[in-house]
Amino acid sequence: MGCWLVSADTLAASRFVVSPLAETIASLKTLERATAAHPGERAWLDAYLPAYRERLADDPVTAPLIRAGLGRGWNATFLTPTPTGKGEQTFTDELARIRETPAETARADLAESLAGPLPSRLRRSDLPARAADLLGWVWTETVLPHWPRRRRIIEADVIARTGQLSRGGWTAALDGLRPGMRWLGEGRLRINAYDYPQLELSGARLMFVPVTPGRGWVSWDTAHRYAVVYPCSGALAEPDRAPVPETLGALLGTARAGVLVLLDTPKSTTQLVALTGQGLGSVGRHLKVLLDAGLARRRRTGRSVLYYRTDAGQVLMDAQRHE
């Protein structure tokens, strides 16, 4: 199996990273494979797949380049660069690393992903530029219009994962992060079930990178920087929250009713801010009203305060559904 040996210091210093480029690569994988992980992703795919195919239809180089780089079990390294982890970078900053890849490096990475020689049409020097141009198109045309909402989902997932970490340790936070991944204890992190050589990560920078499409991968580009890209999971990754019933919105106000809808499972104020897009002050005021009305309660779990619906809040929600 693919297993990483992670020292206690490396694990303690690991961090979650938001990467617009990783989100775009995951979206490119979805477009290339034309399969969706859930109904929301299917709606997105149906909306953008025709334009993607049209974009590649008359390009005899970029289409086989992407198929070679992403179509097998091993990604071409230059196409999936590991985040630097040095503060948040813009998509343009991240994309520059692909565009600036030496041509010989790109060709070698593609040959490795193909496990064989390159086709003659890919033996050229403009492969990094072509890959960067396509990723730029995917970002601008298909990801950027949805990025504020996707970012909220990503941030909510990070909050949920760090909450799991504080309550149940690394076993709770990492098990199920991506298919086949498990924290085995004693410094052993199983990445997948493949028979790859064991890697020693002592002293390395380890990053976890959530994305909203149902795609994931691992990457490393130096001896000291590794990343696990994983799909957001659970309720936080649902493409569409339950709608706010019209009558409930009229009774409580749409924004406040939206908070009550989200309290089907316990959530912190930080999670509610990420999920609603409202400011911390607004969410706090909505929660105070719901608490005073007996529609919500709160409890402390570790360092977090979690809010949840009371029985009265649930009765109110059920009554709206049967209107």
Side-chain angles (χ1 to χ4, degrees), residues 15-49 51-52 66 70 75 79-83 85 88-95 134-164 173-181 207-219 227-243 258 261-262 264-265 267-268 270-278:
R15 55 178 298 193
F16 289 86
V17 175
V18 177
S19 169
L21 179 60
E23 181 75 8
T24 304
I25 294 168
S27 299
L28 174 61
K29 285 174 171 277
T30 300
L31 289 165
E32 181 63 22
R33 295 173 186 175
T35 57
H38 51 70
E41 190 168 276
R42 168 52 60 185
W44 175 88
L45 184 61
D46 289 344
Y48 293 109
L49 184 58
Y52 174 74
I66 297 304
L70 301 179
N75 297 325
L79 278 176
T80 54
T82 304
E88 188 170 334
Q89 291 195 308
T90 67
F91 175 79
T92 301
D93 292 336
E94 292 188 293
L95 188 65
L134 181 62
L135 284 165
W137 181 91
V138 173
W139 165 256
T140 302
E141 299 297 327
T142 78
V143 177
L144 186 59
H146 309 280
W147 180 238
R149 180 180 164 280
R150 289 190 179 198
R151 185 186 178 100
R152 287 196 298 271
I153 293 172
I154 289 169
E155 290 172 343
D157 186 273
V158 170
I159 292 164
R161 295 287 178 184
T162 53
Q164 288 177 329
L174 298 184
D175 279 1
L177 198 69
R178 58 189 301 268
M181 184 170 175
M207 291 163 284
F208 300 100
V209 187
V211 294
T212 63
R215 310 290 172 184
W217 62 92
V218 297
S219 68
V228 176
V229 180
Y230 69 92
C232 296
S233 60
L236 297 179
E238 285 298 318
D240 296 296
R241 298 192 299 269
V261 168
L262 286 169
D264 56 338
T265 57
K267 292 181 176 67
S268 68
T270 309
Q271 285 176 276
L272 291 168
V273 167
L275 285 167
T276 63
Q278 300 177 43

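Since the structure is predicted, the reported quantities are computational estimates derived from the model, not experimental observations. For the single chain, residues carry numbers from 1 onward in sequence order.
Side-chain N or O atoms of Glu41 include one that pairs as donor or acceptor with a backbone N or O of Gly214 at under 3.5 Å. Between the side chain of Glu23 and the main chain of Val211, no donor-acceptor pair closer than 3.5 Å is present. Side chain of Lys267 to main chain of Leu262: a donor-acceptor pair is present (N/O by atom type, distance under 3.5 Å, no hydrogens or angles). Here the side chain of Trp147 pairs no donor or acceptor atom with the backbone of Trp139 at under 3.5 angstrom.
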Test side chain to side chain contact (heavy atoms under 4.5 Å, CB included) applied to Val228 and Val209, step by step: CA-CA 6 Å; Val228 176; Val209 187; over 6 Å; no

Worked verdict on Val158 versus Phe208 for side chain to side chain contact (heavy atoms under 4.5 Å, CB included): CA-CA 9 Å; Val158 170; Phe208 300 100; over 6 Å; no

Worked verdict on Arg215 versus Thr35 for side-chain hydrogen bond (donor to acceptor under 3.5 Å, both in side chains): CA-CA 10 Å; Arg215 310 290 172 184; Thr35 57; 2.6 Å; yes

Stepwise side-chain hydrogen bond (donor to acceptor under 3.5 Å, both in side chains) test for Ser27 and Arg150: CA-CA 12 Å; Ser27 299; Arg150 289 190 179 198; 3.0 Å; yes

side-chain hydrogen bond (donor to acceptor under 3.5 Å, both in side chains) between Tyr52 and Glu32, intermediate numbers included: CA-CA 9 Å; Tyr52 174 74; Glu32 181 63 22; 2.6 Å; yes

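Contact between Pro83 and Val17 at its shortest, heavy atoms only, is CB-CG1, 4.2 Å.
One distance of note links CG of Asp93 with CG of Leu21; it measures 11.0 Å at 0.5 Å rounding. Separating the CD1 atom in Ile153 from the NE2 atom in His146 is a distance of 11.0 Å, to the nearest 0.5 Å. Remark: Leu70 CG to Leu28 CG distance equals 5.5 Å, nearest 0.5 Å. Put simply, CH2 on Trp44 and OG1 on Thr212 are 8.5 Å apart, with the number rounded to the nearest 0.5 Å.
Contact annotation: the side chain of Val138 never approaches that of Tyr48 to less than 4.5 Å [non-hydrogen atoms, C-beta and beyond]. Contact check for Glu94 versus Ser19: side-chain heavy atoms found under the 4.5 Å cut-off. Between Ile154 and Cys232, the closest side-chain pair of non-hydrogen atoms falls below 4.5 Å. Residues Arg151 and Val18 form a side-chain contact, since some pair of their non-hydrogen atoms from C-beta on lies under 4.5 Å apart. Using a 4.5 Å cut-off on side-chain heavy atoms (C-beta onward), Trp217 and Ile25 make contact. Annotation: side chain of Thr142 is in contact with side chain of Trp137 (closest heavy-atom distance under 4.5 Å). The shortest side-chain heavy-atom distance between Pro213 and Thr24 does not fall under the 4.5 Å cut-off.
Side-chain contact check for Ser219 and Thr80: no donor-acceptor pair (N or O, by modelled atom type) lies under 3.5 Å.
Using a 30° and 60° split on the angle between ring planes, Phe16 and Tyr230 fall in the perpendicular class, above 60°.
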